[in-house]
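Presented below is the structure to which this report refers.
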Amino acid sequence: MTQVWRDVEIAVPHLFSWREVLAYLNRSPNECLHRVTNDEVWKYIDLSGQRVLLRVGVKNEDTLRVAYLSDRPGDHQVVQYVREWFDLDRDLTPFYALAEANSLLQPLTLAHRGLRIVGVQDLFEALCWAVIGQQVNLAFAYTLKRKLVETYGDSMTLNGNQYWLFPRPESLASASVSHLRALQLTERKSEYLIGIAQRMVDGRLSKQGLQALGSGMAAERELCRIRGIGPWSANYVLMRCLRWQDAFPIQDAGLHQAVQRRLGWDRKPTLAELEALSRGWEGWRAYAVFYLWQSLLS
DNA sequence: ATCCAGGAAGGCG
DNA sequence: CGCCTTCATGGA
């Protein structure tokens, strides 16, 4: 089948910065699920069975330019994907108003003005990434993810660059613990990933099902019933995948480090101190966390 | 070496 | 319920 490049443009909302989004996307040199060049990001995606290679950049300050390589036109689906990926449909003005009155956030909204929470739309990927990232440093987590993707995922190659899809649940549901152990996942994490894959294959777990619960708190309770998914992982997934803007992974080590650094303390904040601090972020705690993460890059 | 890393489960009282 | 231990390995 012949694949051709097609172009589509997306008008950008108020309080959006491509430079900030790109900086987030580019935070790890070991990322295997997209490739960042100077001013663009490339990503291979699956849009309900249709595989598409995306290339996103900016035409000007107000317009994203999206090129996509696929068998057939699908402007609408591509635009929807990108809008969700970069959270373009959210009005950030309330967050900026809140940050204006918050001494911890104010410098961050100044430094990273226009940063949006970059999404992980695929629920299975988001859950696996959370499990992989538990209690290991990020560099190692990226290595583990790469091994998992390159073992169980599909790819395409263009101009010498290989682009990967995250594995489908079906691929991991039938894997064995020893297979995953060989990738340096721990025995427990291997069990968690296989269990999550099986739940998705048999339909007990789906993004649609979680969304149908109607609230972030209800989805959090449901996610925490899954073996291997605790409060941190649940809130991480709510933040990146289900896009609950008040999700709050309070146990997050990166959050702790960022808060310590912003406050100039010689120790990590306690959970009680984080509870108190985050009271000023209520309604937008996921955005507060994401901006704090971004502050660790600079 | 030693401690930490984008935690969670399972056991105990 | 709250606290403690175990898991396991790479990075700094």
Side-chain angles (χ1 to χ4, degrees), chain A residues 23-33 108 112 115 117-120 122-123 125-148 151 166 177-199 205 220-244 246-262 265-275 277-278 281 285-298:
Chain A
Y24 180 80
L25 288 167
N26 200 30
R27 90 208 118 116
S28 170
N30 206 13
E31 175 62 66
C32 59
L33 294 176
L108 300 183
H112 308 295
L115 173 66
I117 294 181
V118 175
V120 178
D122 178 3
L123 176 64
E125 178 189 336
L127 285 163
C128 290
W129 179 229
V131 168
I132 289 170
Q134 290 168 8
Q135 192 60 22
V136 297
N137 62 68
L138 264 183
F140 183 44
Y142 277 106
T143 299
L144 289 172
K145 181 170 82 164
R146 175 181 291 279
K147 290 187 189 180
L148 189 72
T151 306
F166 193 79
V177 168
S178 61
H179 288 149
L180 298 186
R181 282 283 298 146
L183 307 181
Q184 287 180 290
L185 285 155
T186 65
E187 184 135 358
R188 284 226 275 255
K189 284 187 180 182
S190 302
E191 293 168 1
Y192 298 164
L193 295 185
I194 293 167
I196 289 165
Q198 289 172 343
R199 273 179 183 262
L205 173 61
E220 178 183 4
R221 277 196 300 277
E222 198 59 28
L223 284 166
C224 286
R225 299 165 60 93
I226 301 167
R227 181 158 181 265
I229 303 300
W232 175 82
S233 300
N235 278 275
Y236 183 87
V237 168
L238 285 162
M239 174 179 173
R240 300 293 304 281
C241 181
L242 296 170
R243 292 214 165 276
W244 184 29
D246 202 32
F248 188 42
I250 191 170
Q251 302 87 343
D252 185 81
L255 168 67
H256 302 171
Q257 188 187 343
V259 168
Q260 174 183 0
R261 200 186 289 186
R262 295 308 309 172
W265 290 4
D266 60 359
R267 61 169 178 85
K268 305 288 189 212
T270 65
L271 292 184
E273 286 165 340
L274 285 162
E275 290 282 5
L277 279 170
S278 66
W281 314 336
R285 291 183 297 182
Y287 258 89
V289 168
F290 203 72
Y291 273 61
L292 282 158
W293 285 349
Q294 185 86 339
S295 75
L296 292 172
L297 296 179
S298 48

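Please read all numbers here as calculations on a predicted model, not as lab measurements. Numbers restart at 1 for each chain; the letters A, B, ... are given by sequence-line order, proteins then strands.
Atom CG in A/L127 sits 13.5 Å away from atom OH in A/Y192 (nearest 0.5 Å). In this structure, the separation between CG on A/L205 and CD1 on A/I226 is 4.5 Å, given to the nearest 0.5 Å.
Within the 4.0 Å cut-off from OP1 or OP2 of C/dT9, not a single side-chain nitrogen or oxygen of A/T186 is found. At the phosphate of B/dC3, neither OP1 nor OP2 sits under 4.0 Å from any side-chain N or O atom of A/K268. Phosphate contact (OP1/OP2 of C/dT9, side-chain N/O of A/R181, threshold under 4.0 Å): present. Distances shown here put a side-chain N or O of A/R227 below 4.0 Å from the OP1 or OP2 atom of B/dG10.
A/D252 and A/W293 share a side-chain donor-acceptor pair at under 3.5 Å. Side chains of A/K147 and A/Q184: a donor on one and an acceptor on the other come within 3.5 Å.
Look at the P atom in both C/dA8 and B/dT2: the space between them is 23 Å, to the nearest Å. Separation of the C1' atoms belonging to C/dG10 and B/dA9 is 22 Å when rounded to the nearest angstrom. A gap of 16 Å separates the P atoms of B/dC4 and C/dT5, to the nearest Å.
Across all strands shown, A/P249 has no heavy atoms under 4.0 Å from either base or sugar-phosphate atoms. Residue contacts for A/I226: at a heavy-atom cut-off of 4.0 Å it reaches the sugar-phosphate backbone alone, with no base atom in range.
The two residues A/S190 and A/L185 make their nearest non-hydrogen contact at OG-CB, 3.6 Å. Closest approach of A/V118 and A/R243 over heavy atoms only: C-NH2, 3.5 Å.
Within the 3.5 Å criterion, the main-chain N or O of A/L297 finds no donor-acceptor partner in the side chain of A/R27.
B/dA8 atom C1' lies 10 Å from atom CD of A/Q251, rounded to whole Å. Taking atom CD1 of A/I229 as the reference point, atom P of B/dG10 lies 13 Å away to the nearest angstrom. A/L185 places its CG atom 16 Å from the P atom of B/dA8, with the value rounded to the nearest Å. Between the CD atom of A/E191 and the P atom of C/dT6 there is a distance of 18 Å, rounded to whole Å. Atom C1' of nucleotide B/dA5 and atom CG of A/D252 are separated by 10 Å, given to the nearest angstrom. To the nearest angstrom, P of C/dT9 lies 13 Å from CG of A/L183. Between A/Y142 atom OH and B/dA5 atom P there is a gap of 17 Å when expressed in whole angstrom units. To the nearest angstrom, C1' of B/dC4 lies 16 Å from CG of A/L255.
One finds a salt bridge joining A/R267 and A/E273 here, because a Lys/Arg side-chain nitrogen approaches an Asp/Glu carboxylate oxygen to under 4.0 Å. A salt bridge links A/E31 to A/K145: at least one charged side-chain nitrogen sits closer than 4.0 Å to a carboxylate oxygen.
Residues from residues 126-137 of chain A that place a heavy atom under 4.0 Å from any atom of DNA chain C, listed by number: A/Q135, A/N137.
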Identify each atom pair where a protein N or O and an N or O of nucleotides 2-4 of chain C are less than 3.5 Å apart, giving names and distance.
none

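Under the 6.0 Å cut-off for aromatic ring centres, A/W129 and A/Y142 qualify, their centroids lying closer than that.
The side chain of A/A253 sits closest to B/dG7 out of C/dG10, B/dG7, B/dG10. The side chain of A/F140 lies closest to C/dG10, out of C/dG10, B/dG7, C/dA8.
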